[in-house]
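First comes the structure, then the notes that go with it.
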Amino acid sequence: MRIAIIIPTYNEADNISLLLDALHRQFSCIPHEMHVLVVDDNSPDGTADIIRARQRNTPWLHLLTGRKEGLGAAYIRGMAHSLDVLGADAVMEMDADFSHDPADVPRMIAALDAGADMVIGSRYVRGGSIPEDWGLHRKLNSKFGNIAARLIAGMHQVADCTAGFRAIRASMLRQIDLPSLNARGYVFQIALLHEMLAQDARITEIPVKFTDRTRGETKLGLADIAEFLLRVWAIRLRSMRTFLFFCLVGATGVAVNLAVFSALVAGGIAPLLASPLAVEVAILWNFLLNNRLTFGKAESGRSAFGKLLRFNLASLAGLGVHWATFWAITRLFPTLPPLMAQALAIAPSTVTNYVLYSRWVFSTNRLRSKLSGIIRLATATRPMD
Ligand code: GDD
Ligand code: MN
């Protein structure tokens, strides 16, 4: 195999030479043709000049320069170049600042050889770690990014979704239109991972110890974080059209619920009774629309009667949650208008309903397999060190 290690650089003059030396020392124990592609965005500190000087007697060293557009943009250019110009069979992503240990490279490539399509140098599997002396701010930043990627964007199969230390088979990358990932900054990591998961790539995580840079400084900024947060929700919405439909249906259900509640109270019915009645009407309304629109395509293979029975039980659970919440709110805040309590109680019952509808009433899979998925997710989310 021909493998290109892509190293994006912006002002890494203090690191890059040492890193190239360290990488070269590893090459002797890797049974492949190794190349390094530095993607430098015209660093003012002259990083590119260091590369150019070394290139004269280093055939495995390549340089790509360009305008600074962000880490993701640099990787997209670097990957295209590795595939099309260098003819790489696999590429690696790696930082220039020694946060990623060159000594981990042979292990990662061995995992590729063992059949993985994508190998992640992971900080969040057993044996991996982030620096112990990281302040709360950085720890939260990193953990939150991962939790958002896993729970919001739904990439729960992977423990370290934002890792920037990876090896990827070229055949997988060739199936992706890289520029269409439309990722300028660090969001590239989850955008690419999401594509890999969509292709059912075999992903292996290898524990690595991420160390802090000792030279130069981080380039992660607020714009990167904003782009990241927008993307996790965008992925969520795109990959979960079902949920989107459910929300739209639910929004009409809310209107029905509140209208019926108001009408009943105006007609002299006690709020504590009007509340569940309004919910019942809204649930029936939601069922008709959900059955047609939201879950209509997912054929559960269940008889209409079975679906109806389950639907009624699921609705009852939602109703119970709604009523209990309504009761609790009116007890805790006696001065709150009942309509407000009724509206607030919609949130927890909506979640209850969605989980039961999607995983039980209209699901093709049995609840048990879904439950085991949730349990796996919950245990995998536990921080491991
Ligand atoms: N060409 C180019 N252009 N390189 C860049 C740019 C850019 O706009 N921004 C950053 N880099 C380079 C840096 O020079 C470094 O080699 C590498 O990308 C990582 O940048 P750092 O600024 O050191 O990133 P970090 O340490 O904050 O983030 C690391 O951890 C993140 C997860 O916590 C990286 O590994 C990220 O990829 C990872 O998502
Ligand atoms: Mn860094």
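Atoms within a ligand are numbered from 1 in the order they appear, just like the ligands themselves. The first residue of the sequence shown is numbered 1, and numbering continues consecutively from there. All values derive from a computational prediction rather than experimental measurement.
- The hydrophobic clustering, which links ILVMFWY residues whose side-chain heavy atoms are closer than 4.5 Å, places Val208 and Ile5 together.
- The closest approach between a heavy atom of His100 and any atom of ligand 1 is below 4.0 Å.
- Only the side chain of Ala74 comes within 4.0 Å of ligand 1, counting heavy atoms alone; its backbone N, CA, C and O stay farther away.
- Between Ser142 and ligand 1, no pair of N/O atoms sits closer than 3.5 Å.
- Salt-bridge check for Asp212 with Arg138: passed, with a basic side-chain N closer than 4.0 Å to an acidic carboxylate O.
- Under a hydrophobic clustering in which Ile, Leu, Val, Met, Phe, Trp and Tyr are joined whenever their side-chain heavy atoms come within less than 4.5 Å, directly or via other members, Phe188 and Tyr10 fall into different clusters.
- A side-chain donor-acceptor contact under 3.5 Å links Tyr186 to the backbone of Leu220.
- Residue contacts with ligand 1: Asp41 is placed with a nitrogen or oxygen under 3.5 Å of a nitrogen or oxygen of the ligand (distance criterion only).
- For Arg215 and Asp14, the salt-bridge test fails: no basic side-chain N is under 4.0 Å from an acidic carboxylate O.
- Under the 4.5 Å side-chain heavy-atom criterion for grouping Ile, Leu, Val, Met, Phe, Trp and Tyr, Val105 is not connected to Met79 through any hydrophobic cluster.
- Sorted by first and then second residue, the ring pair (Phe, Tyr, Trp, His ring centres under 6.0 Å) pairs involving residues 249-275 (not counting sequence neighbours) form an empty list.
- Within the 4.0 Å heavy-atom criterion, neither part of Glu69 lies near ligand 1.
- Inclusion of Ile7 in the set of residues having an N or O under 3.5 Å from an N or O of ligand 1 is not warranted.
- Listed by number with element, the atoms of ligand 1 under 4.0 Å from a non-hydrogen atom of Arg123 are 32 (C), 33 (O).
- Counting only heavy atoms of the protein, atom 9 (N) of ligand 1 lies nearest to Lys219 CB, 3.8 Å.
- Protein heavy atom at the shortest distance from atom 37 (O) of ligand 1 is Gln189 NE2, 3.0 Å.
- Using a 4.0 Å cut-off between charged nitrogen and carboxylate oxygen, Asp41 and Arg77 count as a salt-bridge pair.
- Regarding atom 18 (O) of ligand 1, its nearest protein heavy-atom neighbour is Leu71 CD1, 3.1 Å.
- Within ligand 1, the atoms closer than 4.0 Å to a non-hydrogen atom of Thr9 are 1 (N), 2 (C), 4 (N), 14 (O), numbered from 1 in the order shown.
- Looking at Arg166 against ligand 1, nothing comes within 4.0 Å, counting heavy atoms.
- Ion pairing between Arg2 and Asp89 fails under the 4.0 Å rule for side-chain N and carboxylate O.
- For the pair Gly70 and ligand 1, a heavy-atom separation below 4.0 Å is found.
- Counting only distance, with no hydrogens or angles, the side chain of Arg107 and the backbone of Pro207 share a donor-acceptor pair below 3.5 Å.
- An N or O contact shorter than 3.5 Å is missing between Arg138 and ligand 1 by distance.
- When all heavy atoms of Thr9 and Ala96 are compared, the closest pair comes out as CG2-CB, 3.7 Å.
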* Ser275/Gln342 under side chain to side chain donor-acceptor pair (under 3.5 Å): CA gap, chis, key distance, verdict -> CA-CA 7 Å; Ser275 172; Gln342 178 72 349; 2.6 Å; yes
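- No donor-acceptor pair closer than 3.5 Å links the side chain of Arg52 to the backbone N or O of Leu63.
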* Go through the steps for Arg184 and Glu69 under the test salt bridge (charged side-chain N to carboxylate O under 4.0 Å, His left out), then give the verdict. => CA-CA 6 Å; Arg184 295 173 68 88; Glu69 288 169 326; 5.3 Å; no
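- Listing protein N, O or S atoms at distances below 2.8 Å from the Mn ion (ligand 2), with waters left out, gives Asp97 OD2.
- Between Pro8 and ligand 1, a contact under 3.5 Å exists for at least one N or O pair.
- Taking hydrophobic clusters as Ile, Leu, Val, Met, Phe, Trp and Tyr residues chained together by side-chain heavy-atom distances below 4.5 Å, Val119 shares a cluster with Ile109.
- Looking at Thr218 against ligand 1, both its backbone and its side chain come within 4.0 Å, counting heavy atoms.
- Among protein heavy atoms, the minimum distance from atom 28 (O) of ligand 1 is reached at Tyr186 CE2, 3.6 Å.
- In this structure, Phe362 and Phe287 have parallel ring planes: the angle between them is below the 30° cut-off, well short of the 60° mark.
- Protein heavy atom in closest approach to atom 17 (C) of ligand 1: Asp95 OD1, 3.6 Å.
- Against a heavy-atom cut-off of under 4.0 Å, Ala96 is close to the following atoms of ligand 1: 15 (C), 16 (O).
- Below 3.5 Å of separation, one finds an N or O of Glu12 facing an N or O of ligand 1.
- Taking 4.0 Å as the cut-off between side-chain N and carboxylate O, Arg54 and Asp21 count as a salt-bridged pair.
- With respect to atom 8 (O) of ligand 1, the closest heavy atom belonging to the protein is Lys68 NZ, 2.7 Å.
- The protein heavy atom nearest to atom 31 (C) of ligand 1 is Thr162 O, 4.1 Å.
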